Amino acid sequence: MFFKNLEFRIYHLNEIESTNIHAHKLIQENKAKKGDVFYADLQTIGRGQRGTKWQSDEASNLLMSVVLQPSFKANQQFLLSQTIALAVYYYLDNLTVGKVRIKWPNDILVNQQKIAGVLIENTLQGENIQYSIVGIGLNINQMVFEKFSRKATSLQLLSGKSFNVKQQLEKLLESIEYYYDFLNPIAIRSKEYSQIQIDYLQKNYGYHEELTFRDKNGTFRGKVVGFEPDGKLIVESKGEKKAYDLKEIQFIN
Ligand code: BTN
């Protein structure tokens with residue numbers, strides 16, 4: 001597939017430990033490059049955020065990793081995180097299956113239930129990112145999910161229709177290509193990218209709506225009001241703003 005700045009080469013795998021691990025190994029062996037996309041029917045050790053396991057029925061969902069090469073430093077990774085979250089957001093919004101929201105940093109919810117998760121892992125060259133492996137798990141045709149703290153959903157559960165996984169992969173890649181374009185150094189320095197950041201904020205779950213959170217001091221009500229450049233979440237509660245990293249705060253509802 002040819003897009004404006006990215007040429008995607010799609011590789012299908014039947015069973016693999018994890019598409020992210022697979023991409024990582026190939027990069028180490030100089031056998032993968034920017035634009036390579038690996039998707040699998042089954043992952044034996046699919047990885048999620050914060051060391052969790054990503055579960056998926058066989059051949060039901062999209063389990064993919066795309067290798068990208070953003071030209072910025074590792075400490076700017078939040079830029080990529082925002083961009084990918086928006087790409088998944090707009091891909092889903094177009095399908096009109098329900099109310100889509102981004103849950104910081106890059107979970108995607110439809111009708112407050114989790115439909116997709118993103119795990120970005122980088123290989124580094126000094127302070128710079130050599131490659132970013134963007135792993136996306138998107139629930140497509142799965143009908144039954146284990147009980148997680150947040151309910152999970154799928155395109156089929158939401159719409160009553162089944163979807164072709166490869167076709168959805170191609171649509172999602174179109175959206176990734178479009179948003180990835182905003183990560184060029186000129187756009188990042190310009191208003192173009194700040195528009196992406198505003199958009200990301202506005203699409204966030206908890207943006208200007210009160211939610212319950214938990215931090216080390218207990219539960220509290222608050223609103224998402226912004227993000228720090230390193231990706232910390234800024235929550236306002238009783239007129240006071242505080243920044244949190246991923247380990248320091250939990251969304252309770
Ligand atoms: C999350 O915890 O929300 C992130 C989940 C990311 C899952 C995807 S599935 C494809 C890719 N390979 C992995 O091992 N994980 C990511």
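Numbering of ligands and ligand atoms starts at 1, following listing order. Along the sequence shown, the residues carry numbers beginning at 1. These numbers come from a predicted model, not from an experiment.
Contacts between Asp107 and ligand 1, counted as non-hydrogen atom pairs separated by less than 4.0 Å, involve the side chain only.
Screening Arg47, His22, Lys25 against Glu17 for a side chain to side chain donor-acceptor pair (under 3.5 Å) leaves a single residue, Lys25.
Residues Tyr200 and Phe78 bring their aromatic ring centres within 6.0 Å.
Scanning the protein for heavy atoms near atom 11 (C) of ligand 1, the closest one is Thr19 OG1, 3.3 Å. Closest protein heavy atom to atom 2 (O) of ligand 1: Gln49 N, 2.6 Å.
Which of Tyr39, Trp54, Phe38 comes nearest to atom 5 (C) of ligand 1 through a heavy atom is settled by distance: it is Trp54.
Per-residue contacts place Met64 under 4.0 angstrom from the following atoms of ligand 1 (heavy atoms of the residue considered): 10 (C), 11 (C). Taking a cut-off of under 4.0 Å to the non-hydrogen atoms of Arg47, the atoms of ligand 1 that pass are 5 (C), 6 (C), 7 (C), 13 (C), 14 (O), 15 (N), 16 (C). Proximity to Gly46 (heavy-atom distance under 4.0 Å) selects the following atoms of ligand 1: 14 (O). Within ligand 1, the atoms closer than 4.0 Å to a non-hydrogen atom of Gly48 are 1 (C), 2 (O), 4 (C), 5 (C), numbered from 1 in the order shown.
Looking at ligand 1, you'll find an N or O of Gln43 within less than 3.5 Å of one of its N or O atoms.
With hydrogens and angles ignored, the 3.5 Å screen pairs a side-chain donor or acceptor of Asn141 with a backbone N or O of Phe163.
Using a 4.0 Å cutoff on heavy atoms, Lys114 counts as a contact of ligand 1.
Checked by atom type, the side-chain pair Tyr193/Thr83 shows a donor-acceptor distance below 3.5 Å.
Applying the ring pair (Phe, Tyr, Trp, His ring centres under 6.0 Å) test to pairs two or more places apart or on separate chains, none has a residue in residues 110-147.
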Worksheet item: Passes side chain to side chain contact (heavy atoms under 4.5 Å, CB included), Leu95 versus Lys171? Steps please.
Response: CA-CA 10 Å; Leu95 293 176; Lys171 283 191 182 183; 4.1 Å; yes

Worksheet entry | Derivation and outcome, salt bridge (charged side-chain N to carboxylate O under 4.0 Å, His left out), residues Arg101 and Glu209 | CA-CA 12 Å; Arg101 250 27 122 68; Glu209 62 188 332; 2.4 Å; yes

